[in-house]
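Reading through the structure tokens given below for one structure.
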There are 2 protein chains.
Amino acid sequence: MGSDDTPAHGAATRESATRARTRRAILDAAVSVLTADHGASLGDVAEAAGVGRTTVHRYFPERSDLLAAIGTDVRDRVAAAADRARLDDGPAPEAMERLCLEYFELGDRLLLLYDVPQFVAWSGIEEESAADLALLTLVRRGQREGTLDPEVDAGWLQDVMWALLYAAWMQARDQGTPRHTALSLCLRTLRKAVAP
Amino acid sequence: MGSDDTPAHGAATRESATRARTRRAILDAAVSVLTADHGASLGDVAEAAGVGRTTVHRYFPERSDLLAAIGTDVRDRVAAAADRARLDDGPAPEAMERLCLEYFELGDRLLLLYDVPQFVAWSGIEEESAADLALLTLVRRGQREGTLDPEVDAGWLQDVMWALLYAAWMQARDQGTPRHTALSLCLRTLRKAVAP
DNA sequence: CCTTTCTGGAACAGAGGTGTTCCATTGTGG
DNA sequence: CCACAATGGAACACCTCTGTTCCAGAAAGG
């Protein structure tokens with residue numbers, strides 16, 4: 001990331017548009033391929049990205065570099081999503097639903113993060129990311145205000161949200177439930193589950 | 001399974017006590033090793049079982065045979081658990097909680113079944129096992145009787161139960177929450193989530 | 001248009017897992 | 001106590017994935 005393989009000339013020079021596009025293609029392909037099969041080979045990823053295996057290695061020297069890059073990518077998107085949800089505004093349950101909605105849109109990417117726990121270890125996602133902490137704070141606020149169930153641990157309510165999101169994704173993926181239907185089932189159930 | 005490698009003498013002869021014990025040891029070790037790392041090698045399994053790699057191959061000629069055996073084992077346990085829960089008795093929500101409790105006890109084994117989807121394909125677990133169908137029937141009964149939320153699809157409520165179970169296992173495994181605490185959180189939340 | 005960047009393919013060595021065979025050793029049960 | 005069941009280890013060929021190098025051709029971009 002910091003040390004590029006195009007060292008010479010300037011210093012601020014980032015990455016050519018071509019390279020940026022190729023990088024994204026590989027990253028996106030990796031997400032969908034790895035979601036389907038956690039043990040997929042780099043050859044599979046390359047093929048899915050419409051790119052030579054050599055090129056994948058050119059961007060991500062080792063397998064772990066690719067995984068780390070995915071982790072970083074997801075972390076950024078999660079942070080942005082949490083930001084958009086404005087967790088500090090309005091009633092806690094509604095803020096939680098906004099977050100759920102934002103996260104739902106991230107789809108596959110979060111599914112992958114969910115069941116490939118190594119990603120949490122890779123690429124500086126600490127145990128508690130900023131987004132996780134913000135959610136935890138939100139839950140505590142809701143419990144204080146009496147809008148969220150105060151009798152269970154805040155961490156549990158957090159997990160419940162993730163679990164229902166996961167269920168909704170599965171419903172959409174395996175049962176072919178339309179995305180918006182799955183999401184509204186999720187939100188409805190979440191609303192009831194976290195109520196006092 | 002049907003065709004043993006001890007063909008001679010009788011016909012009803014099952015398996016020596018020694019062999020049965022070894023088989024179980026391998027199966028159990030495989031579950032815990034594979035739960036920790038889906039891509040673990042047969043060598044790892046053998047080591048965990050306190051058995052030579054050759055011996056593993058003697059019982060399960062190919063990797064897929066071992067996986068299939070795990071699948072079958074889990075399927076049987078699930079069926080027995082569903083049976084013990086007596087899904088046809090009493091109020092639907094309570095029956096659902098009994099099932100949840102039984103499933104929770106299966107621990108690792110179900111976790112594995114959950115995130116190694118191949119198992120569903122291996123070893124004759126059809127899309128809808130008998131236990132799944134019984135649960136679906138239970139949910140429909142509850143909806144008819146007005147004790148379960150009638151406005152959502154029965155399949156969704158089923159998924160919600162699994163999702164909360166999963167969350168409870170994770171809570172126990174990663175946060176070190178005592179098993180009974182995790183279970184009661186799960187049941188409390190489930191009760192609210194599925195209520196009309 | 002021509003130079004620089006970027007790419008894909010081939011070919012390679014190495015690592016690690018798999019499945020097999022063979023044999024010496026241990027143990028279990030009659 | 002003795003035969004036979006059951007085991008563990010070594011050695012084997014084979015496969016797949018990885019990571020690397022090298023080079024010729026395509027694609028940008030000035």
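- Ion pairing between B:D73 and B:R24 holds under the 4.0 Å rule for side-chain N and carboxylate O.
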Provide a list of protein-nucleic acid N or O atom pairs under 3.5 angstrom, restricted to nucleotides 8-10 of chain C.
residue: C:dG8; atom: OP2; partner: A:G52; partner atom: N; Å: 3.0
residue: C:dG8; atom: OP2; partner: A:T55; partner atom: OG1; Å: 2.4
residue: C:dG8; atom: O6; partner: A:R58; partner atom: NH2; Å: 3.0
residue: C:dG9; atom: N7; partner: A:T54; partner atom: OG1; Å: 2.9

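- The separation between A:H57 atom NE2 and D:dT21 atom C1' is 12 Å, rounded to whole Å.
- For CD of A:Q158, the number of neighbouring non-hydrogen atoms (other residues, nucleotides, ligands) closer than 6.0 Å is greater than 12.
- Residues from residues 38-45 of chain B lying near DNA chain C, meaning a heavy-atom separation below 4.0 Å, are B:S41, B:L42 in numerical order.
- In this structure, CZ of A:R63 is placed 12 Å from C1' of D:dT16, rounded to the nearest angstrom.
- Whole-Å rounding puts the B:E47 CD to D:dG8 P distance at 13 Å.
- Counting heavy atoms of neighbouring residues, nucleotides and ligands inside a 6.0 Å radius, atom CD of A:E102 exceeds 12 of them.
- Here B:D149 pairs with A:R188 in a salt bridge; the nearest charged N to carboxylate O distance falls below 4.0 Å.
- The CZ-P distance, from A:R19 to D:dG29, rounds to 13 Å in whole Å.
- What separates CZ of B:F60 from P of C:dT20 is a distance of 15 Å, to the nearest Å.
- Distances shown here put a side-chain N or O of A:T22 below 4.0 Å from the OP1 or OP2 atom of C:dT7.
- By the 4.0 Å N-to-carboxylate-O rule, B:R179 lies close enough to B:E105 to be salt-bridged with it.
- Between the side chains of A:W156 and B:T177, no donor N or O sits under 3.5 Å from an acceptor N or O.
- Summarising the geometry, the separation between CD on A:E62 and P on C:dG14 is reported as 17 Å, rounded to the nearest angstrom.
- A salt bridge is absent between A:R53 and A:D44; no separation between the charged side-chain nitrogens and carboxylate oxygens falls under 4.0 Å.
- Residues A:A48 and A:V33 come closest through the heavy atom pair CB-CG2, 3.4 Å.
- Atom CD in B:E15 sits about 16 Å away from atom C1' in C:dT28, given to the nearest Å.
- Each of A:Y59 and B:P61 lies near DNA chain C, and the nucleotide nearest A:Y59 is the one positioned closer to the 5' end.
- A salt bridge links B:R109 with B:D28; the closest basic N to acidic carboxylate O contact falls under 4.0 Å.
- Rounding to whole angstrom units, CZ of residue A:R23 and P of C:dT7 are separated by 11 Å.
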